[in-house]
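Below is one structure, written out as structure tokens; comments come after it.
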There are 2 protein chains.
Amino acid sequence: MQPLEKVSERPVSQPEKNTKVYVEIVRQLREMIYKDELKPGDKIPSERELSERLNAGRSSVREALRALELLGLIETRRGEGTFIRDFRGNQLVQLLSTFILQDDKAKQDVIETKSMIEVDCLYLAAEKVQQEEIERLKVWIDEHNFEDEEFFKTIAELADNHLFYRIWYILNDYYNALNLKVSPSEKEDYQKLVDSLATKRGDLILERYRMLRKMSTS
Amino acid sequence: MQPLEKVSERPVSQPEKNTKVYVEIVRQLREMIYKDELKPGDKIPSERELSERLNAGRSSVREALRALELLGLIETRRGEGTFIRDFRGNQLVQLLSTFILQDDKAKQDVIETKSMIEVDCLYLAAEKVQQEEIERLKVWIDEHNFEDEEFFKTIAELADNHLFYRIWYILNDYYNALNLKVSPSEKEDYQKLVDSLATKRGDLILERYRMLRKMSTS
DNA sequence: CCTACTTCAGTGGTCTGACCACACATATCC
DNA sequence: GGATATGTGTGGTCAGACCACTGAAGTAGG
């Protein structure tokens with residue numbers, strides 16, 4: 001034990017900022033995750049240890065952790081610990097949408113944006129995908145009954161762009177939260193769309209996408 | 001009662017067991033806001049009052065409030081109170097991406113994504129913009145020395161889609177953070193690009209954009 | 001009467017310490 | 001060896017104590 005000196009201890013290491021402690025802790029956590037290269041599933045230090053290491057009260061640490069939990073970035077299991085979470089939309093979008101999206105314009109924006117992001121993902125997938133993967137995808141379409149979002153999730157993955165994937169994922173959650181769930185189209189339309197990827201022709205892909213979505217070809 | 005509830009994993013039938021207090025408080029708050037028709041700027045009850053009314057500890061109330069604050073849904077002012085925030089925007093992407101975006105490939109993804117988002121914005125702008133605004137933009141190009149990002153910020157605004165605007169804005173921030181600042185192109189190229197908007201021809205816009213960015217026309 | 005100042009109640013911000021419920025590893029017992 | 005107790009560590013929650021700050025009520029001075 002250390003001698004209990006009562007030196008003037010500043011909360012956390014931060015030069016006289018107005019930033020709240022819990023925000024600072026969020027920042028530190030992000031840094032920690034980055035520096036230690038923590039991946040989804042990894043464990044982060046316990047609340048008590050963080051409280052000590054960051055020189056803050058446990059309640060402040062908890063405020064930060066709870067916020068991150070609600071964001072879906074971490075996961076806590078009583079008796080075990082706190083873990084980095086594999087990102088998923090979780091309740092967050094649900095939460096936000098019930099709070100936010102009464103606005104009709106916002107709703108329209110979601111629809112519009114999702115559609116365009118999907119096309120972007122299709123373009124990227126067309127550039128990057130191997131013929132072999134296209135074949136596999138076609139077989140998958142044939143052999144499974146799937147939701148529309150499963151298909152585009154696959155496309156977003158094939159696009160091999162983490163940012164686009166995240167963006168699409170979020171938009172899709174919004175979509176669902178708005179009760180705009182897309183009903184699956186005909187398998188034939190999916191097949192045609194996938195075929196168009198092989199051609200790597202942007203205009204054709206766009207046309208097939210619009211066909212699938214039954215949009216006008218404006 | 002509440003037709004909004006979609007219910008995923010919390011059968012409200014037995015609210016005791018598996019629900020953390022702070023999550024329940026978030027739920028109650030949402031309900032309260034909905035029932036009392038609270039709008040941005042309105043004040044919500046103090047932490048102590050909530051703690052009493054909801055029969056929970058103040059720290060639990062705070063965990064809920066801090067989470068909502070980090071989400072940008074509420075705003076707290078010491079000595080004054082807690083207020084509903086004007087959150088028409090979607091800072092979701094912002095929050096998540098500041099946390100995510102760490103790996104090496106991320107840099108390449110940013111470049112790729114920004115480029116495609118810009119094209120999307122151009123398409124949208126082309127659809128929505130008035131001839132008069134195009135003229136004004138052309139004059140502006142002529143009469144000002146501007147940064148590339150100023151130009152595309154304008155385009156993103158003209159696209160009239162808040163989501164795209166946010167996404168572009170964030171990507172641009174990352175771009176700068178990664179020292180990838182785009183040097184302004186020739187005014188002539190901007191002019192040609194803007195001209196292409198008037199035609200509303202996607203292929204032409206894309207071509208002009210690639211010319212501006214000196215990308216191959218693959 | 002009207003300013004200018006003081007006071008005070010209310011609010012968020014933070015910390016501490018105390019329990020509880022639970023998970024897991026260890027030691028113990030049969 | 002396998003089943004069972006036990007111990008330690010973890011998150012979950014609460015209560016209470018200060019602090020810093022705001023705004024309004026109250027007060028003193030002009």
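We use all heavy atoms of the structure for the numbers below, so side chains are in, but hydrogens, waters and symmetry mates are not. Letters A, B, ... are given to chains in the order of the sequence lines, protein chains preceding strands, and every chain is numbered from 1.
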OP1 or OP2 of [N] under 4.0 Å from side-chain N/O of [X]:
X: S60(A); N: dG13(C); result: no
X: R78(B); N: dG10(C); result: no
X: R62(B); N: dG13(C); result: yes
X: T76(A); N: dT10(D); result: no
X: T82(A); N: dG11(D); result: yes
X: S51(A); N: dC15(C); result: no

### Task
Apply side-chain hydrogen bond (donor to acceptor under 3.5 Å, both in side chains) to Q108(A) and E112(A), showing your working.
CA-CA 6 Å; Q108(A) 192 55 45; E112(A) 186 175 81; 5.5 Å; no
### Query
For the base of dG12(D), is there a side-chain donor-acceptor partner from R58(A) under 3.5 Å away?
yes
### Message
Base of dG11(D), side chain of R48(A) - is there a donor-acceptor contact under 3.5 Å?
### Response
yes
Rounded distance in Å - [atom1] ([X]) to [atom2] ([N]):
X: E63(B); N: dG12(C); atom1: CD; atom2: P; result: 16 Å
X: L65(A); N: dT14(C); atom1: CG; atom2: C1'; result: 16 Å
X: E52(B); N: dG16(D); atom1: CD; atom2: C1'; result: 15 Å
X: L50(B); N: dC14(D); atom1: CG; atom2: P; result: 13 Å
X: E69(B); N: dG12(C); atom1: CD; atom2: P; result: 11 Å
X: L68(A); N: dG11(D); atom1: CG; atom2: P; result: 14 Å
X: K43(B); N: dT11(C); atom1: NZ; atom2: P; result: 6 Å
X: E24(A); N: dC15(C); atom1: CD; atom2: P; result: 12 Å

Test your reading of the model: is there a side-chain donor-acceptor pair from [X] to the backbone of [Y], 3.5 Å cut-off?
X: T76(B); Y: T82(B); result: no
X: K128(A); Y: A159(A); result: yes
X: S60(A); Y: A56(A); result: no

### Task
Could you check E80(A) against Y22(A) and say which one's nearest nucleotide on DNA chain C is further toward the 5' end?
Y22(A)
### Query
What about F152(B) and Y209(B), are their ring centers closer than 6.0 Å?
yes
### Message
For a quick check of understanding: with a heavy-atom distance under 4.0 Å over all strands, which category does G57(B) fall into, base, sugar-phosphate or nothing?
### Response
sugar-phosphate
### Given DNA chain D, 5'-ward residue of the pair S59(A) and E49(A), judged by closest heavy atom
E49(A)
### Query
Between dT10(D), dC14(D), dC15(C), which nucleotide gets closest to the side-chain atoms of V21(A)?
dC15(C)
